[in-house]
Amino acid sequence: MSAITSVIVVGASGNLGPIIIDALLASKKFTVSAFVRAESKATFPPEVKVFKADFSSEPLEAAFKGQDAVVSTIGNSAGGFPVQKILVDAAIASGVKRFFPSDFGTDVTEEAVAFFSLTKEKKDAIDYLISREDVISWTTLKTGAFFDWGMKIGLIGFDLANRKADLLDGGETKFHTTNLSTIAQAIAAILSVPESFEKTKNQIVSIPDFEVSQRDILTAIEHVTGKKWDVTDTNSDTLIENAKGTPAEPFALIRALVFGKVGLGRLSGKRWNDDLGLTQHGLEEDLKLILDGKSP
């Protein structure tokens, strides 16, 4: 297997892309590029080559030429599976060795597909990559909910500024969750260690930092802050019903199905954290970083 020396991150201006770029640069093992939309105002470190264009075949193939790996971090608003397919086809045409689809999150189960159109599109992307394994390899990372980012924006049910917690169905449902830095560390490890690169070829790689419930987080955050938090308990069915037809519906649906009684937030299969040498995280230590504004 030839060495991986060049990596391009697509959708590099979002929440995850810059952290992946920083991890790749910190390894000092790669030439790193970023692909963003033509109108993007995002800035990157000077050593990062930046491509600005739309997600169409010609500019993608030009950007991917000479790249060993493509990491897609595009959001669903960028076009979902149709765009991911364009990325894969451009990577194949350019001779890319490894493709990481934007598939971060929960397992793509039949139940999840039934609830989320986004999950169906993620499944389509993996199915397409499987059908092209003769010309390109792939690795998809399963993370569960993003922990640091999800805590920061309130996705997991915590209002950090006002010390409030909204627990769903009692807050006892366990789910897996991962920090953005762990995802970035995993990608750098897979691409920099030949054994890891080979072992993760055409594999679903689960890398959760924690398996917790909202109640577990509440206990930990009250201990960290030394204060009792205001707690409400919301029925997940009510949450979904009240959000129907509003801009909040997708957010509410994710919260209800992942953190509520349905429990779609747990990952199955092997955990790869130890194999990849990923940093072990402590719940209270990570909460301190989040509360101090040091993560993500």
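Keep in mind the model is a prediction, meaning the values are calculated, not measured. The first residue of the sequence shown is numbered 1, and numbering continues consecutively from there.
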- Is the closest side-chain donor-acceptor distance between Gln84 and Ser72 under 3.5 Å? yes

- Item | Flag for Thr178-Asp209: side-chain donor and acceptor within less than 3.5 Å | no

- Message: Between Ser56 and Asp54, is there a side-chain donor-acceptor contact under 3.5 Å, judged purely by atom types and distance?
- Response: yes

- According to a 4.5 Å side-chain heavy-atom criterion applied to Ile, Leu, Val, Met, Phe, Trp and Tyr, with indirect links allowed, do Val224 and Leu289 form part of one hydrophobic cluster? no

- Can you establish whether the number of heavy atoms outside Lys270 located under 6.0 Å from its atom NZ is more than 12? yes

- Just by distance, with hydrogens left out, do Ser137 and Asn202 show a side-chain donor and acceptor under 3.5 Å apart? no

- For the residue pair Trp229 and Phe158, categorise the inter-ring angle as parallel (less than 30°), tilted (30 to 60°) or perpendicular (more than 60°). perpendicular

- Message: Please determine whether side chain to side chain donor-acceptor pair (under 3.5 Å) holds for the pair Ser13 and Arg37, giving the CA-CA distance in whole Å, both sets of side-chain angles, and the decisive distance to 0.1 Å.
- Response: CA-CA 9 Å; Ser13 60; Arg37 289 187 180 277; over 6 Å; no

- Message: Can you see whether His176 engages Thr143 through a side-chain donor-acceptor pair at a distance of less than 3.5 angstrom?
- Response: no

- Message: What I want to find out is whether Lys227 reaches Glu222 closely enough, with some N-O distance under 4.0 Å, to be called a salt bridge.
- Response: no

- Query: Should the heavy atoms of other residues, nucleotides or ligands under 6.0 Å from CD of Glu39 be counted, would the total exceed 12?
  - Reply: yes

- Can you establish whether the number of heavy atoms outside Glu47 located under 6.0 Å from its atom CD is more than 12? yes

- Query: For Ala62 and Phe51, which heavy atoms make the closest approach, and how far apart are they?
  - Reply: O-CE2, 4.5 Å

- Nearest-0.5 Å distance that lies between atom OG1 in Thr182 and atom CD in Gln280: 11.0 Å

- If you count the non-hydrogen atoms of other residues, nucleotides and ligands that lie under 6.0 Å from CG in Asp292, is the total more than 12? yes

- Query: How far does CD of Gln67 sit from NZ of Lys49, to the nearest 0.5 angstrom?
  - Reply: 8.5 Å

- Output yes when Lys152 and Asp148 qualify as a salt bridge under the 4.0 Å nitrogen-oxygen rule, no when they do not. no

- Task: Using the side chain to side chain contact (heavy atoms under 4.5 Å, CB included) rule, take Leu141 and Ile190 through it: C-alpha gap first, then chi angles, then the decisive distance, then the call.
- Result: CA-CA 11 Å; Leu141 297 179; Ile190 289 168; 4.1 Å; yes

- Item | Verify same cluster id: Leu267, Phe259 (apolar side-chain graph, 4.5 Å) | no

- Query: How close do Pro101 and Ile126 get, heavy atom to heavy atom, and via which atoms?
  - Reply: CG-CD1, 3.7 Å

- Can a salt bridge be assigned to the pair Asp107 and Arg266 using a cut-off of 4.0 Å between side-chain N and carboxylate O? no

- Task: Take Met151 and Ile217 through the side chain to side chain contact (heavy atoms under 4.5 Å, CB included) test and state the conclusion after the steps.
- Result: CA-CA 10 Å; Met151 288 295 295; Ile217 297 173; 3.9 Å; yes

- Minimum heavy-atom distance between Phe35 and Pro59, given as atom pair plus value: CE1-O, 3.9 Å

- Task: Please name the pair of heavy atoms, one in Pro45 and one in Asp22, separated by the smallest distance, quoted to 0.1 Å.
- Result: CG-OD1, 4.4 Å

- So Lys199 and Glu195, salt bridge (Lys or Arg N to Asp or Glu O under 4.0 Å) or not? Walk me through it. CA-CA 6 Å; Lys199 283 185 175 180; Glu195 183 181 7; 3.1 Å; yes

- Query: Below 6.0 angstrom between ring centroids: does that apply to Phe210 and Phe175?
  - Reply: no

- Task: Calculate, to the nearest 0.5 Å, the distance between atoms CG and CG belonging to Asp68 and Leu191 respectively.
- Result: 9.0 Å

- Ignoring hydrogens and angles, state whether a donor on the side chain of Asp216 or Ser213 is under 3.5 Å from an acceptor on the partner side chain. yes

- Give, for atom CD of Gln214 and atom OG1 of Thr173, the distance between the pair rounded to the nearest 0.5 Å. 8.0 Å

- Item | Smallest separation among heavy atoms of Arg132 and Asp89, with atom names | NH1-OD1, 4.0 Å

- Take Leu16 and Ile183 through the side chain to side chain contact (heavy atoms under 4.5 Å, CB included) test and state the conclusion after the steps. CA-CA 8 Å; Leu16 180 57; Ile183 301 169; 4.1 Å; yes

- Message: Quick one, Asn15 with Phe146, criterion side chain to side chain contact (heavy atoms under 4.5 Å, CB included). Give me CA distance, side-chain angles, the key distance, then yes/no.
- Response: CA-CA 10 Å; Asn15 296 298; Phe146 293 167; 6.0 Å; no

- Message: Tell me the closest heavy-atom pair linking Ala186 and Ile207, and the distance in Å.
- Response: CB-CD1, 3.7 Å

- Atom pair OG (Ser295) and NE2 (His281), whose distance is rounded to the nearest 0.5 Å: 8.0 Å

- Note on the structure: Rounding to 0.5 Å, atoms CD (Glu249) and CD1 (Ile254) come to a distance of 11.0 Å

- Ignoring hydrogens and angles, tell me if any N or O in the side chain of Asn273 forms a donor-acceptor pair with the backbone of Pro208 under 3.5 Å. yes

- Query: With distance as the sole criterion, is a donor-acceptor pair present between the side chains of Thr225 and Arg163 under 3.5 Å?
  - Reply: no

